[in-house]
Amino acid sequence: MATSTTGSTLLQPLSNAVRLPIDQVNFVVCQLFALLAAVWFRTYLHSSKASPFIRHVVATLLGLYLALFCFGWYALHFVIQSGISYYIMIIIGVENMHKYCFVFALGYLTVCQISRVYIFDYGQYSADFSGPMMIITQKITSLAYEIHDGMFRKDEELTPCQRCLAVRRMPSLLEYLSYNCNFMGILAGPLCSYKDYITFIEGRSYQPTQSEANGKEEIKYEQTDPSPNTAVAQKLVVCGLSLLFHMTLSKTLPVEYNIDDHFRTTASLPTRIIYLYLSLMAARPKYYFAWTLADAINNAAGFGFRGYDKNGVSHWDLISNLRILHIEFSTSFKMFLDNWNIQTALWLKRVCYERASFSPTIQTFILSAIWHGVYPGYYLTFLTGVLMTLAARTIRKNIRHYFIDSPATKLCYDMMTWMTTQVAISYTVVPFVLLSVKPSIKFYSSWYFCLHVVCIVVFLIFTTKRTQKGSKEQEGIQDSCSKKQEEESIMGHNNYSTTNNFNQKREITWRNTTMKQ
């Protein structure tokens, strides 16, 4: 294998033939090789035929080989980051290791991203070795929190999800490296929990018992190893279609054309809105391709089985990273985010949102921006995303209930929210694609920052309404008290004793309640 510091050049003739950068060719070929290796791994190194030790060793060595092929000696960063994090876990102890691992792993990733973007010049080569490090960072931090939950915190302090994912023993170095660098997920993920991965390696994935909704009756299925072939075939079809759309639409509808001077000055507003939506829709299939192929690789190895439904149908979406139809037909900002990069969203929720002491939404968006990289466009996107999320949440809370009385009204509401959501998402993520400050500000300026202004106006309107509503309620309470006092003074001494007794009883009741609390 001929390699340079930025990966193998063995496939350069193929790169020239298909007119794609060598790093993209290396990535696709390595993922296809990983798919074949996954089939071999499931067939010849199945948990019934090979020990967990052998499965760990083979999965790790294949993963490191693929990383070396794609990124050359930059792949050593994967081992260094994992090794130092494991050392921190051992010497710090379970009480505080999650904090140290989090700071180190995220800091190491950020340093690598800064060096890649601002220090080293790759010329025509666009290999991003920090991409796999983003997944490894998620795994390092997730596992650190899961060990902290399982070996330090009490069960009653944990949420049901934390209790389910908690790790009760320290993993060995081999298990740790296998989890972080296995061939199924080293290039494109997706993130999975440590317990799910170890369960797969040890052959304990297939739970044949399915409880009914009432919690009483149980249906027992035959303990057979479910075949992933149908799920893998379906996902490969999606990969083929996504690649086809990417190869055709992304060049026909480039996002950069949104800031073209001629287009901005001559196109009508409806045309610009439609092109904005279409250009960002055309930018998504490359993610659909990469994430669905990564999911198919894991499934082909036998990993990703979530269980059976009540009809005995197997589901292979345990670590799926997206739901395409839910994305394209999402009717809210939250619905879009919940179905896009699902495992990353779960990671943000588990290590940040659920543990944040204040402003969890803002903290989560900041962590997401830092994790994604150091391009200014990422920060513009996520800052805009904070505004969009909070505004969408406010509108939904105050308006939606007016439109769900009848199916026809709700259909109209869903159509309007679908169009609004798609435009808002497209508007928000343009800087994520453009990356730099100048073109991003140029885009937002050409739109007069209109959706930013709308979000702020939404806050002002509903905040003012809440303030006015609170003032009216307070005035109502004061008026009620005043009327009560007038009635008591008119009724005189005879009624005073009755009222006084009632007030004393109420006071005693209140005191008793307070003491109990």
- prompt: After noting the C-alpha distance and the side-chain angles of Glu175 and Arg169, does the key distance pass the salt bridge (Lys or Arg N to Asp or Glu O under 4.0 Å) rule?
  reply: CA-CA 12 Å; Glu175 290 171 332; Arg169 69 170 181 85; 2.9 Å; yes

Establish, from distance only, whether the side-chain atoms of [X] and [Y] form a donor-acceptor pair under 3.5 Å.
X: Gln81; Y: Tyr86; result: no
X: Arg272; Y: Ser446; result: yes
X: Ser47; Y: Glu202; result: no

Would you call the rings of [X] and [Y] parallel, tilted or perpendicular if under 30° counts as parallel and over 60° as perpendicular?
X: Trp371; Y: Trp347; result: tilted
X: Tyr427; Y: Phe443; result: tilted
X: Phe303; Y: Phe200; result: parallel
X: Phe449; Y: His452; result: perpendicular

field: Over 12 foreign heavy atoms within 6.0 Å of CE, Met419
entry: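 Yes, the 6.0 Å shell around CE holds more than 12 heavy atoms from other groups.
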
message: Other residues, nucleotides and ligands only: do more than 12 of their heavy atoms fall within 6.0 Å of CZ on Phe263?
response: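 It does: Phe263 CZ has more than 12 such atoms within range.
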
query: Does Asp338 have any side chain to side chain donor-acceptor pair (under 3.5 Å) partners at least two apart in sequence or in another chain, and if so, which?
result: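 Asp338 satisfies side chain to side chain donor-acceptor pair (under 3.5 Å) with Lys334 once adjacent residues are dropped.
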
Any residue meeting side chain to side chain donor-acceptor pair (under 3.5 Å) with Ser82, in chain and number order, not counting sequence neighbours: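 Partners of Ser82 under the side chain to side chain donor-acceptor pair (under 3.5 Å) test: Asn180.
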
Compute the ring centroids of [X] and [Y], then answer whether they are less than 6.0 Å apart.
X: Tyr308; Y: His315; answer: no
X: Phe129; Y: Phe71; answer: no
X: Tyr179; Y: His56; answer: no

message: Go through it in stages, so that I can follow the logic: the residues are Glu328 and Arg284, the test is salt bridge (Lys or Arg N to Asp or Glu O under 4.0 Å), and I'd like the CA-CA distance, side-chain angles, deciding distance and then a yes or no.
response: CA-CA 10 Å; Glu328 297 299 341; Arg284 291 196 282 266; 2.9 Å; yes

query: Is it true that a side-chain atom of Thr381 and a backbone atom of Thr428 form a donor plus acceptor pair closer than 3.5 Å?
result: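 Pair found, side chain donor or acceptor close to backbone of Thr428.
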
Do any side-chain atoms of residues 429-442 form donor-acceptor pairs under 3.5 angstrom with protein atoms, and if so which ones, sequence neighbours left out?
from   : atom 1 : to     : atom 2 : distance (Å)
Ser440 : OG     : Ser436 : O      : 2.6
Lys442 : NZ     : Ile259 : O      : 3.4
Lys442 : NZ     : Asp261 : OD1    : 3.0

